[in-house]
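Protein chains get the first letters and strands the later ones, always in sequence-line order, with residue 1 at the start of each. Remember, predicted model here, so these are calculated numbers, not experimental data.
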Number of protein chains: 2
Amino acid sequence: MHEPTFLILCSLAPAPLHGYGIIGAVEELSGGRVRLRPGTLYTALDRLARDGTLAVDREEVVEGRLRRYYRITAEGRNALASEASRLEANAATARHRLRSRPAGGTA
Amino acid sequence: MHEPTFLILCSLAPAPLHGYGIIGAVEELSGGRVRLRPGTLYTALDRLARDGTLAVDREEVVEGRLRRYYRITAEGRNALASEASRLEANAATARHRLRSRPAGGTA
DNA sequence: GCTCATGCATCGATCATCGGTATATACCGA
DNA sequence: TCGGTATATACCGATGATCGATGCATGAGC
């Protein structure tokens, strides 16, 4: 799972959001680092919906514009949780191995 | 940075390794989860060397076979460290947001 | 001596994901 | 009427990963 995908799932974890809401949430979640483009977002949403990771929650028309809300599924929650575990494990591995320099300048 | 790239850098953090050594190290580091194919590995190595993230350390001929050892650079170390930070931050975000269900029973 | 398994590197084709840009629509304010 | 904003969609290209096949040299078995 790549970062945009991951952050999309994060953004939906507490409550459903519509496309443009997700873009804003992801930007905030990532401290401004990740700015999703529509292309990235909607392709990912379609893919994740196809996978059963998320689903369309409802559609609203607000001021003449369609808003499609997406909701994370139980399966998506599980995927997100195990992805978080993977990230933690990888980070720990990196920290550990960055610390263990064998025979630094010896040789 | 994707996982294969990340794990390759992890594998090289303590000491230089040659290609097939990296494959083994990555498999071990990831608990058997990630098994690099030669194609993935050498393309990544070329790319990372081009970027200055790692460099060829030395070449040896062992039993008639060439072994090319790769070494992580200072730049690569920095990249790996900041990647680890990113992973930690993302994992924390996910944990946090998986816990905060609004109006779930919270109120 | 021949054949086969093994360790090592290389190459090519394909696919998935992401990034960027442009477009259609509908509202709003100047 | 025009331009900006909000929303979704479509298309295209770049990057990186995956898979599979190949080349090559050695040592082991027969």
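- Considering every non-hydrogen atom in both A:Phe6 and B:Ala94, the closest pair reads CZ-CB, 3.5 Å.
- For the pair B:Cys10 and B:Leu29, the tightest heavy-atom approach, listed with the atom from each and the gap, is CB-CD1, 3.7 Å.
- Taking a pair to require two hydrogen-bonding distances under 3.5 Å in either a Watson-Crick or a G-U wobble arrangement, C:dA30 pairs with D:dT1.
- Atoms CD1 (B:Ile22) and P (C:dT10) sit 12 Å apart, rounded to a whole Å.
- Remark: A:His18 is in phosphate contact with D:dT7, judged by side-chain N or O atoms under 4.0 Å from OP1 or OP2.
- As rounded to whole Å, 17 Å separates atom C1' of D:dG16 from atom CZ of B:Phe6.
- When the side chains of ILVMFWY residues are joined at heavy-atom separations under 4.5 Å, either directly or via intervening members, B:Tyr69 and B:Leu66 end up in two distinct hydrophobic clusters.
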Under 3.5 Å donor-acceptor pairs involving side-chain atoms of residues 40-51 of chain A, not counting sequence neighbours:
| unit_1 | atom_1 | unit_2 | atom_2 | d |
| --- | --- | --- | --- | --- |
| A:Thr43 | OG1 | A:Gly39 | O | 2.2 |
| A:Arg47 | NH2 | A:Thr5 | OG1 | 3.4 |

- line: Going 5' to 3' through nucleotides 22-30 of chain D and flagging B where a protein heavy-atom sits under 4.0 Å of the base, S where only the sugar-phosphate is that close, and - otherwise, we get ---SS----

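- If you take CD1 of B:Ile23 and P of D:dG20, they are 15 Å apart, rounded to a whole angstrom.
- Going from atom CD of A:Glu59 over to atom C1' of C:dT25 covers 15 Å, rounded to whole Å.
- Non-hydrogen atoms lying under 4.0 Å from DNA chain C are contributed by B:Pro38, B:Gly39, all within residues 34-41 of chain B.
- B:Arg97 places a side-chain N or O within donor-acceptor distance of the main-chain N or O of A:Ser11, the cut-off being under 3.5 Å.
- Of the residues in residues 42-57 of chain A, those lying under 4.0 Å from DNA chain D by heavy-atom distance are A:Tyr42.
- Among the candidates A:Asp57, A:Leu17, A:Leu9, the single residue satisfying the side-chain contact (heavy atoms from CB on, under 4.5 Å) test with A:Ile72 is A:Leu9.
- Across A:Pro16 and A:Arg71, no two heavy atoms sit closer than the pair CG-CB, 4.1 Å.
- Residue pairs meeting the salt bridge (Lys or Arg N to Asp or Glu O under 4.0 Å) criterion with at least one partner in residues 19-38 of chain B, sequence neighbours excluded, are B:Glu3-B:Arg33, B:Glu27-B:Arg35.
- Between C:dC18 and A:Thr5, a contact under 4.0 Å exists linking OP1 or OP2 to a side-chain N or O.
- Identified under the side chain to side chain donor-acceptor pair (under 3.5 Å) test for residues 76-85 of chain B, with sequence neighbours left out: A:Arg95-B:Ser85, B:Glu83-B:Arg86.
- Atom CG in A:Leu66 sits about 7 Å away from atom P in D:dT9, given to the nearest Å.
- If you measure from atom OH of A:Tyr20 to atom P of D:dA8, you get 8 Å, rounded to the nearest angstrom.
- Atom-to-atom, CG of A:Leu7 to P of C:dG19 comes out at 10 Å; the value is rounded to the nearest Å.
- Atom OH of B:Tyr70 and atom P of C:dC8 are 13 Å apart (whole Å).
- Using a distance-only test at 3.5 Å, with no hydrogens or angles considered, a donor-acceptor pair links the side chain of A:Thr73 to the main chain of A:Gly52.
- Closest heavy-atom contact between B:Pro4 and B:Leu36: CB-CD1, 4.1 Å.
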